[in-house]
Amino acid sequence: MKHLISVLVENKFGTLNRVAAMFSARGFNLESISIGETEDPEISRMTIVTRGEDRIISQVLKQLNRLVDTIKVTDLTHQPHVERELLLLSLKLSKSTQHEIFELANVFKGKVVDIKQKSITIEFVGSPDKINTAIDLFKPFGIRELARSGAVAIHRGES
Amino acid sequence: MHNNGEKLIGSEIFFECLRRENVEYIFGYPGGALLKVYETLHDVEDIKHILVRHEQGATHMAEGYARATGRPGVVLVTSGPGATNTVTGITNAYMDSTPLVVFTGQVPSSLIGNDAFQEADIVGITRPITKHNFLVKDVKELATTISKAFYLATNGRPGPVLVDMPKDVLNAECVFEWPESVEIRGFKPTIKCHANQVQKAAKMIAKAKRPLFYIGGGVISAEASEELRKLAIDQQIPVTMTLQGLGAFPGDHPLSMGMLGMHGTYWANQAVSNCDLLIAVGARFDDRVTGKVDTFATQAYKIHNDIDPTNVDKNIKVDLPVVGDSKDFLASLIEAMPKTKEDRSSWLSEIEAWRKQCPLDYAVEQDSLKTEFVIDEVSKQTRGHAVVVTDVGQHQMWTSQYYKFTEPRSIITSGGLGTMGFGLPSAIGAAFGVTDRPVVLFSGDGGLMMNIQELVTAVYNKLPVKIFLINNSYLGMVRQWQELFHQEKYSFTDLAASNPDFVKVAEAFGCKAMSASNPESARNAITEALAYNDGPVLVDFRVVRKDMVFPMVPAGGSISDMLLARLNPKTMV
Ligand SMILES: Cc1ncc(C[n+]2csc(CCOP(=O)(O)OP(=O)(O)O)c2C)c(N)n1
Ligand SMILES: [Mg+2]
């Protein structure tokens, strides 16, 4: 099953490579990985989405912990958490589709970030599921390009 | 000797740090990126630099030194090719959990990434084969980085750490400060075992009818042999060991069952398959040990102690994991054991019956020489007290079967990676570290050629290494698999027409050498070699060419199902 893992790492060059290389060397599935600085500039947070049976996930967590540059590894999957992804979606635009595109974008709370005569780029934020649905529904209009950030996630509540 | 607060350049800081880490020997080879370091080295007297003849040799020497002494081995090589030549040795150390600190020179910081002359991204290359590695970007970080490197290499599960030092960093000046303590927030190995888990383990051991210790190299690196001995004898629990675990328990004790796994003893593998409690300590359920995992120790409740949590439940699901240092585990177990003792005599006699059913033995013929005889004879003449180094192949497996290891840090061999060429340089490294026991190398004729250049290092340093060449003029282990499993297609394994005259080769290096081709001359050669201590000596044992190592578990087979002798290959899959 899908697991969402949050890892605090040293904000040093090479850390992302160490984590990604460990996944490929051990044959673990790596669906997405995202990284950014935290409130402490020496520490970054990585959010990793992976898939596997329990035995594999337990190895993934242990192998992550074993890396010297990882400070804290948390499997958020079964804990209260918020998970978000950013999608930038660039679509073909024409008089006939314009209206429908705007309407659908509204449903997904999309924000237009760029618009030209024949193209429009919309920004969406949501759970990866919601992002998947959005992509599916916009497909018929003709997707020019898209970029996804990969999931970022954090604990919900005060624990 | 320099003091804190002195202004020093990088290369001076480098040696001062090694001094603070009590480094005795550096195994190294100079080059452009290290010119400043070698300039400083010229006036260093308390740390001995050993000039090797190939950087792979340096890493294996450092490994041999580390495994023989328990202290980290130190390697110093230049950038680019010097650094890439260490890759095999570093991988080997990583697989066998040997503490190494490898220092590489690097092109100046300003040129990194420019495909500069002799530039290699050694930090990138060695990321998956080191416990950790560092690129030092500023001379102010050099001392802390070196202290971290030694700390990481030796604490928790030991392993290799690499420190890459650009040329400008080694030339730059700063105030030297040796850090009093090391703090790495992402590295906090569990040393102390969980008391509840130990209690549970003690209960299981107390009531087991057919318990078995399965001991790995972790017991040796944790210096826990005394505890193991006490517990096993006290509780009457038989002990089987992995290749790296040999010597953790005395091989001449009735409770010792020798090695388990692919070329383990028949009785050890039967015991694994029939025990009701398997106590794995400092071992990692490697595939050469388990054979087919579905059929491994199926009747046993499994306890697994290891310092590295990733080893737990990796290959085999266990019932009771106990993460922590093996010395702590065994010592706490001794404390926790109840006073009442289970009678284990029927289990021990069952094992005895298996031992009698398929003993390890060989026939001695007067006019030909068997490897088993050579190893047995060396074992007897050294009374099991030598530091025994091997290369990789048939001779290695025969060594595990016929040398009676009686104490820890007695076998030095490439287990995890199976690196041919490991033997000679690691024997040299061991001989630098150990001077009160003979250092004996068993090498194949194939493997000896892979780092033969290091004979220079042995001769020049007058190291009394006994190089026992098991010369079957074959890549014997491969030939064995060709005979058993590959339709007797002896593809590129016969070296008879191409091997050199090893006695002449050794003599050309200035090494004493002799040969032997029957039991009588072999026995005398061994006596003479063991008595010669003015430098290395090579004995070319011309052994029978086509012998095979048995018993054997075919790859992927169950360990309860061993091949005891050669069967008709036509009936084999
Ligand atoms: C560097 C390396 N290359 C290839 C192998 C594959 N290999 C394993 S054993 C072996 C034969 C070793 O022959 P030799 O050194 O003569 O020892 P013997 O088996 O004859 O005792 C080979 C080629 C290896 N283990 N390491
Ligand atoms: Mg051979």
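Computed over heavy atoms, backbone and side chain alike; hydrogens, waters and symmetry mates excluded.
For A:Leu67, the part lying near chain B is the backbone, with the side chain staying farther off; criterion is any non-hydrogen pair under 4.5 Å.
Remark: B:Tyr214 pairs with B:Phe285 by the ring pair (Phe, Tyr, Trp, His ring centres under 6.0 Å) rule, at least two apart or across chains.
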Between these two chains, chain B and chain A, I want each donor-acceptor atom pair under 3.5 angstrom written on its own line with its distance.
{"unit_1": "B:Tyr94", "atom_1": "OH", "unit_2": "A:Arg66", "atom_2": "NH2", "d": "3.0"}
{"unit_1": "B:Arg127", "atom_1": "NH1", "unit_2": "A:Asn17", "atom_2": "OD1", "d": "2.9"}
{"unit_1": "B:Asn133", "atom_1": "O", "unit_2": "A:Arg18", "atom_2": "NH2", "d": "3.0"}
{"unit_1": "B:Asn133", "atom_1": "OD1", "unit_2": "A:Arg18", "atom_2": "NH1", "d": "3.1"}
{"unit_1": "B:Asn133", "atom_1": "OD1", "unit_2": "A:Arg18", "atom_2": "NH2", "d": "2.9"}
{"unit_1": "B:Arg185", "atom_1": "NE", "unit_2": "A:Glu10", "atom_2": "OE2", "d": "2.7"}
{"unit_1": "B:Arg185", "atom_1": "NH2", "unit_2": "A:Glu10", "atom_2": "OE1", "d": "2.9"}
{"unit_1": "B:Asp308", "atom_1": "OD2", "unit_2": "A:Arg66", "atom_2": "NH1", "d": "2.6"}
{"unit_1": "B:Pro309", "atom_1": "O", "unit_2": "A:Lys62", "atom_2": "NZ", "d": "2.9"}
{"unit_1": "B:Thr310", "atom_1": "O", "unit_2": "A:Gln59", "atom_2": "NE2", "d": "2.7"}
{"unit_1": "B:Val312", "atom_1": "O", "unit_2": "A:Lys62", "atom_2": "NZ", "d": "2.7"}
{"unit_1": "B:Lys314", "atom_1": "O", "unit_2": "A:Arg55", "atom_2": "NH1", "d": "3.0"}

